[in-house]
Amino acid sequence: MADVSCDLVLAVDVFPFLVAGGMALAARHVAEAGRVLRSGGSLVILNFRAGSG
């Protein structure tokens with residue numbers, strides 16, 4: 001995806017898995033969102049899962 005090409009990055013129920021994969025993976029996910037977001041764009045993180053089971 002091109003730099004500064006999105007108004008919204010929506011991350012639903014992914015962060016528990018990213019964190020489980022290591023903080024570096026979660027940091028790369030946020031950095032990639034920042035790369036593709038236009039100025040004034042939003043990264044929305046929603047976690048509906050209450051736990052792992």
Side-chain angles (χ1 to χ4, degrees):
M1 185 169 291
D3 291 355
V4 296
S5 59
C6 298
D7 293 317
L8 172 68
V9 173
L10 180 61
V12 179
D13 287 337
V14 297
F15 268 81
F17 301 104
L18 293 174
V19 171
M23 291 306 294
L25 180 60
R28 286 197 311 268
H29 185 86
V30 172
E32 181 67 4
R35 182 187 69 79
V36 300
L37 282 170
R38 291 184 177 119
S39 179
S42 298
L43 167 59
V44 177
I45 300 168
L46 302 173
N47 286 308
F48 295 114
R49 276 177 57 107
S52 61

* Would a hydrophobic clustering, with Ile, Leu, Val, Met, Phe, Trp and Tyr connected at side-chain separations under 4.5 Å, put Val9 with Leu25? -> yes
* To do: Grab the two heavy atoms, one from Leu43 and one from Leu37, that are nearest each other, plus how far apart they are.
  => N-CD1, 3.9 Å
* Applying the 4.5 Å side-chain criterion to the ILVMFWY set and letting contacts propagate, would Phe48 and Val44 be lumped into a single cluster? -> yes
* **Cys6 vs Arg38 side-chain heavy atoms within contact, under 4.5 Å** => no
* **Heavy-atom closest contact (Phe15 atom, Asn47 atom, distance)** => N-OD1, 4.0 Å
* Taking all heavy atoms of Arg35 and all of Ala2, pick out the closest pair and write down the distance. => NH1-C, 3.7 Å
* Asked: Got a donor-acceptor contact below 3.5 angstrom from the Asp3 side chain to the Val36 backbone?
  -> no
* Asked: Would a 4.5 Å heavy-atom cut-off, applied to side chains only, mark Leu10 and Leu46 as touching?
  -> yes
* Can you name the closest pair of heavy atoms from Leu18 and His29 and give their distance? -> CD1-CG, 3.4 Å
